[in-house]
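Worksheet: the structure to be examined is printed underneath.
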Amino acid sequence: MRIRAAIAVPAVSAVVSAVVSAAAAVLLLTAPQSRAAAGPDRPVRCAEKSLTLRAQAAPGDPTVLRAAVTNRGARACLVDRVPTVTFGDLDGAALPMPPGGIGTYRLAAGGTAYADVRTIADPADPEARRVDAVTVAASAAQWGQSFTAARLGTGRQVLVWEPVTTWWQRSAKAADRIIGLR
């Protein structure tokens with residue numbers, strides 16, 4: 001059976017056009033959002049180079065570290081809701097307190113967020129591990145910054161056992177309340 005070329009070409013062309021349109025739609029829907037697409041109302045993830053991290057032991061309590069992150073960028077951006085805090089060469093990170101720290105925290109341009117980390121509940125605990133440094137990152141996908149025990153003000157080492165960290169807070173006092181200081 002022969003098909004007329006006048007009928008077959010438009011039919012094939014319509015099918016090809018529909019397939020190309022569907023493929024283009026799939027690509028557009030699955031492509032990652034660019035910074036330009038985020039718009040002024042939708043902050044993007046903070047670039048690590050635009051953040052300044054600080055950490056030090058709480059005065060009078062070397063089992064609590066105070067961490068802060070400042071956005072030096074010109075626009076608001078997002079960090080993880082909970083800082084990623086790791087301890088020397090030990091596996092794992094401080095657990096969020098309260099649990100459920102998945103999500104993001106909006107950090108205004110020039111803004112600072114605060115978190116507290118309790119490294120150990122009882123310094124006399126025989127299961128305590130000792131590390132020379134603690135690393136704090138604003139997001140799990142970032143390298144963060146390492147702070148030696150001496151720089152933190154905890155002495156020669158940091159004692160660690162079942163550490164917990166607060167979510168990022170608007171003030172240092174809010175982080176202190178959550179961890180049980182003051």
Side-chain angles (χ1 to χ4, degrees), residues 43-182:
V44 297
R45 287 281 182 172
C46 295
E48 188 165 10
K49 65 183 179 182
S50 70
L51 300 175
T52 299
L53 290 161
R54 294 180 308 283
Q56 65 181 21
D61 191 348
T63 67
V64 175
L65 305 178
R66 290 181 171 152
V69 60
T70 300
N71 176 7
R72 295 184 331 269
R75 298 180 71 168
C77 59
L78 302 173
V79 295
D80 288 351
R81 181 178 294 158
V82 177
T84 300
V85 183
T86 56
F87 302 88
D89 59 356
L90 299 178
D91 289 339
L95 295 175
M97 186 174 110
I102 297 172
T104 57
Y105 181 89
R106 184 180 187 277
L107 195 53
T112 300
Y114 305 87
D116 280 0
V117 180
R118 182 170 304 284
T119 63
I120 188 168
D122 178 8
D125 190 331
E127 295 192 57
R129 303 293 182 253
R130 289 160 176 74
V131 296
D132 298 329
V134 174
T135 301
V136 179
S139 295
Q142 297 176 347
W143 288 102
Q145 184 171 346
S146 290
F147 301 91
T148 64
R151 187 171 170 196
L152 291 167
T154 62
R156 293 181 344 150
Q157 295 180 317
V158 177
L159 295 175
V160 182
W161 189 250
E162 297 180 346
V164 294
T165 182
T166 65
W167 298 7
W168 289 117
Q169 302 295 315
R170 294 184 190 268
S171 71
K173 286 183 180 182
D176 286 351
R177 276 192 305 273
I178 293 168
I179 210 82
L181 290 179
R182 294 187 191 178

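This one's a predicted model, so the numbers in the text were calculated from it and none came from an experiment. Counting from 1, the numbers follow the sequence of the chain as shown. These numbers come from the heavy atoms of this one structure, side chains and all, not from hydrogens, waters or symmetry mates.
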**CZ/R170: more than 12 non-hydrogen atoms of other groups inside 6.0 Å** =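 For R170, atom CZ is not crowded (no more than 12 foreign heavy atoms under 6.0 Å).
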Mind jotting down which residue pairs meet the disulfide (SG to SG under 2.5 Å) criterion with at least one end in [range]? Sequence neighbours excluded, please.
{"range": "residues 74-110", "value": "C46-C77"}
{"range": "residues 105-171", "value": "none"}
{"range": "residues 152-182", "value": "none"}
{"range": "residues 145-182", "value": "none"}

**Message:** For G144, is there any backbone N or O sitting under 3.5 Å from a side-chain donor or acceptor partner on E48?
**Reply:**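 Indeed, once roles are kept as given, a pair shorter than 3.5 Å links the two residues.
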**Prompt:** Mind checking whether R118 and D61 have side chains closer than 4.5 Å, heavy atoms only?
**Reply:**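 Side chain of R118 against side chain of D61, heavy atoms only: contact under 4.5 Å found.
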**Asked** Quick one: are L51 and L107 in side-chain contact, heavy atoms under 4.5 Å?
**Response** yes
**Check: T63/T119 side-chain N/O donor and acceptor closer than 3.5 Å** = no
**Message:** Taking side-chain contact (heavy atoms from CB on, under 4.5 Å) as the criterion, tell me which of V117, T165, T166, L65 meets it with I179.
**Reply:**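 Of the listed residues V117, T165, T166, L65, the side-chain contact (heavy atoms from CB on, under 4.5 Å) partner of I179 is T166.
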**Prompt:** What distance do W161 atom CH2 and D122 atom CG have between them, rounded to the nearest 0.5 Å?
**Reply:**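 These two atoms lie 12.5 Å from each other.
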**Asked** Which pairs with one or both residues in residues 78-89 pass side chain to side chain donor-acceptor pair (under 3.5 Å), sequence neighbours excluded?
**Response**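 Every side chain to side chain donor-acceptor pair (under 3.5 Å) pair that includes a residue of residues 78-89, provided the two are not neighbours, is R45-D80.
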**Asked** Who passes salt bridge (charged side-chain N to carboxylate O under 4.0 Å, His left out) against R66, sequence neighbours left out?
**Response** D176
